[in-house]
Amino acid sequence: MAQSMTLIILQTVVLLVVSPFIVGLIRKVKATLQCRRGASTAQPYYDLLKLFQKDVVVSSNASWIFTATPYILFASTLAASLLVPLFVSKVPLSFAGDIITVVYLLALGTFFLILAGLDTGSAFGGMGSSREAIVASLTEPAMILSIFAVGLTAGSTNLSTIVHKTALLEGIVTDPPPHLMALAALFIVTLAETGRVPVDNPATHLELTMIHEAMVLEYSGRYLALIEWASALKLLLFLTLLSNVFAPWGIATAPDPIWMTLGLAVWLVKVSGLAVLVGVIESMFAKLRLFRVTDLLGVAFILSLLALIFFYTLRG
Amino acid sequence: MLPIGASMLALTGVLALACFAKAFGISFLAMPRSRHAKQAREVSPAMRVGMGGMALLCVALGLAPMLVVSALDRITAPLTGTSIANDLLSKGGLALTPVMGEEFASVSTPALGVLLAVITPVALLGAVILGGTLRKRIYKTWGCGLNLTSRMEYTAIAFVQPIKRVFSTIYQPTIKLETEFLQESRYFTKHRSFEVHIEPMFQKYLYDPVVTFTFAIADRLRVIQAGSLHLYLTYIFITLVLLLLITG
């Protein structure tokens, strides 16, 4: 019990501390590729601290939903992140929910964010909400399907079991084609869910193309800080899913301090590598038109469907 | 088949999410969109208690689904011949698991509820520690320099426009835009009407045929229901005789 509590608190602290760094790292990579020096990777921490200390401006049109949303979003995203193994393959909270729970916890945050976007009465917020709704409805089926493609090889939808069995190569048919297809699909889903280029641009403000930034346009002060932190957590969650579901090797398979330290280091390297990749993609591609996003997410869905078909045919 | 079903369920879930975000957001949030909405008043407590009770039951069912498991098991056990209530509960009845076991999947909504109930106050406290007490200013929403009116807000049609467009094969939307121009110049419009219709797919191709078929059958069967009491007595008699023959 005490060990479980320690692990949960440790994971919370690691998630909260590392997530702004990932955002800063992606910005740094983008700046480097644009031949700028760019802000230090610690900048998101300063931003968060400053936002927490600022006054909050709330619209006179807003209801309690506007005030509650940052806390609900933060809590649901953090709760979802606690179900995902980071540095030890069996998280203590794994009994609380599997991958479907993670998807729906994130959907809870999205639901309130959509409502908050509509709450202030600004047309920008409504536009962001409307677009978020369609992007979410296209990404979520692809996400479930791609994780299932991997979950089938492990015979479970529980993230801890998937990671544990894959890490030990236990009872697994290691067929690279379905694995890689599902990985590609989940990568596209990651870009869409975390509001990255080519689906959304996190660096833009007051443009008619934005999605996530449009929904949170009216937020300021600590509310914005919580939302930004939750977005960073969500990004880290997806990068962790990519690295630990598809290549968990290096993760500690037992709660042993030495292996856990090693697992933490390996995980940091993996998510940083993925963050660099996201930064490179953001510098190389332009944002897609909203109705072209459908095609991209369609590709993700078809890829994960193919991964499933491959899995069944290879199994015979 | 299970993964496809799960992903379709995810699609349904998100579309339901969008539907309720629209229904609640457009009806109740931001500025009132019509004169009637502006003058709306809260109803009496008696009317709220009814709906509130149902909503509370939904939340309770979500937080403690394990209470229903044994009740449902009492119905399914005689039908299937085995009781599965014990296989479905784990962690001292706090988590629900499929019959394949805890390794396969498990969900514990009470644990998630506790988790959310712990994180939220900690986040509130953390915000106070990092930024001091909350200083809140109420101000009107910025409307690009204009005074924001409810006509500038998003409408329900605008909100679902992307969904309608992406799933246009299913919804088959028809849009009718009629514009009447001024005689002097086509740059000015006198009158403009806009209509959107969505093809009710399920009603048209699933429910309506069933209804039509039922009515057609009913029409035919009306012949034996002529209104004569003697005839009905004969029917009862024949039924009785037949029943006696079958059981005897």
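- In this structure, no portion of B:A117 lies under 4.5 Å from any heavy atom of chain A.
- Neither the backbone nor the side chain of A:I147 comes within less than 4.5 Å of any heavy atom in chain B.
- If you take CG on A:L308 and CD1 on B:I4, they are separated by 6.0 Å, rounding to the nearest 0.5 Å.
- Using non-hydrogen atoms only and a strict 4.5 Å limit, the part of residues 26-34 of chain B facing chain A consists of B:I26, B:L29, B:A30, B:M31.
- B:K140 contributes atom NZ, which lies 14.0 Å from atom OG of A:S122 (distance to the nearest 0.5 angstrom).
- Using a 4.5 Å cut-off on side-chain heavy atoms (C-beta onward), B:L124 and A:F74 make no contact.
- Contacts between A:K54 and chain B at a heavy-atom distance below 4.5 Å involve the backbone alone (N, CA, C, O).
- For a residue to count as touching a neighbouring chain, one of its non-hydrogen atoms must lie under 4.5 Å from one of that chain's; by this rule A:I8 does not touch chain B.
- Side-chain atoms of A:S130 come within 3.5 Å of backbone N or O of B:F159 as a donor-acceptor pair.
- With chain A as the partner, the residue from B:T141, B:T149, B:V160, B:I163 showing the most heavy-atom pairs under 4.5 Å is B:T141.
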Begin with the C-alpha distance, continue with both residues' side-chain angles, and end with the deciding distance and a verdict on side chain to side chain contact (heavy atoms under 4.5 Å, CB included) for A:Y223 and B:L134. CA-CA 10 Å; A:Y223 295 155; B:L134 181 67; 3.7 Å; yes

Which is it for A:F124 and B:C144 under the side chain to side chain contact (heavy atoms under 4.5 Å, CB included) test, yes or no, and what are the steps along the way? CA-CA 10 Å; A:F124 274 122; B:C144 297; 4.3 Å; yes

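- With a 4.5 Å cut-off on side-chain heavy atoms, B:L130 and A:Q53 do not count as touching.
- A pairwise comparison of heavy atoms in A:F111 and B:F20 identifies CE1-C, 4.1 Å as the closest pair.
- With a threshold of 4.5 angstrom between heavy atoms, A:A107 approaches chain B through its backbone and through its side chain.
- In terms of the side-chain hydrogen bond (donor to acceptor under 3.5 Å, both in side chains) criterion, residue partners of A:E193 (sequence neighbours excluded) are, by chain and number, A:T139, A:K234.
- Heavy atoms from other residues, nucleotides or ligands lying under 6.0 Å from CG of A:D295 number more than 12.
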Show the numbers, then the answer: is there a side chain to side chain contact (heavy atoms under 4.5 Å, CB included) between B:I119 and A:T12? CA-CA 10 Å; B:I119 296 174; A:T12 312; over 6 Å; no

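- No part of A:F66 comes within reach of chain B, as not one of its non-hydrogen atoms sits under 4.5 angstrom from that chain.
- Side chains of A:F291 and B:P162 form a contact here, defined as non-hydrogen atoms less than 4.5 Å apart.
- Using a cutoff of 4.0 Å between basic side-chain nitrogens and carboxylate oxygens, A:D55 and B:R135 are scored as salt-bridged.
- For A:S137 (side chain) and B:L11 (main-chain N/O), no donor-acceptor pair under 3.5 Å exists by modelled atom type.
- Pairing each heavy atom of B:V14 with each of A:E140, the nearest pair is CG2-OE2, 3.3 Å.
- With rounding to the nearest 0.5 Å, the separation of CG in B:L15 from CG in A:L138 is 8.5 Å.
- Contacts between A:I114 and chain B at a heavy-atom distance below 4.5 Å involve the side chain alone, from C-beta outward.
- Proximity to chain B (any heavy atom under 4.5 Å) is restricted, for A:L105, to the side chain, taken from C-beta onward.
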Side chain to side chain contact (heavy atoms under 4.5 Å, CB included) between A:L118 and B:E153, worked out: CA-CA 8 Å; A:L118 288 168; B:E153 288 177 325; over 6 Å; no

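- At a 4.5 Å heavy-atom cutoff, the contact between A:L152 and chain B is made by side-chain atoms alone.
- For the atom pair A:I100 CD1 and B:S7 OG, the distance stands at 10.5 Å (nearest 0.5 Å).
- When heavy atoms are compared at a cutoff of 4.5 Å, A:V103 does not approach chain B at all.
- Heavy-atom distances place the side chain of A:I65, and not its backbone, under 4.5 Å from chain B.
- The distance from the CG atom of B:L9 to the OH atom of A:Y104 is 5.0 Å, given to the nearest 0.5 Å.
- When all heavy atoms are compared, the tightest approach of A:A75 to B:T120 is CB-OG1, 3.6 Å.
- No other option in B:P110, B:A18, B:G132 has as many heavy-atom pairs under 4.5 Å with chain A as B:G132.
- Residue A:L51 does not touch chain B at all, counting heavy-atom pairs closer than 4.5 Å.
- Heavy-atom distances place the side chain of A:F148, and not its backbone, under 4.5 Å from chain B.
- Between B:Y139 and A:S60 there is no side-chain heavy-atom pair separated by less than 4.5 Å.
- Closest non-hydrogen pair, A:A79 versus B:L115, comes out as CB-CD2, 3.6 Å.
- The distance from atom OG of B:S108 to atom CZ of A:F95, rounded to the nearest 0.5 Å, is 5.0 Å.
- Contact of A:F112 with chain B is not made at all, since no heavy-atom distance falls under 4.5 Å.
- The candidate with the highest count of non-hydrogen atom pairs below 4.5 Å against chain A, out of B:G25, B:A95, B:A127, B:A111, is B:A127.
- For B:V118, no part lies under 4.5 angstrom from a heavy atom of chain A.
- Counting heavy-atom neighbours within 6.0 Å of B:F194 CZ, excluding the residue itself, gives a total above 12.
- Between A:I144 and B:A10 the shortest heavy-atom distance is CG1-CB, 3.8 Å.
- The minimum heavy-atom distance between B:L148 and A:T120, with the atom names listed, is CD2-O, 4.3 Å.
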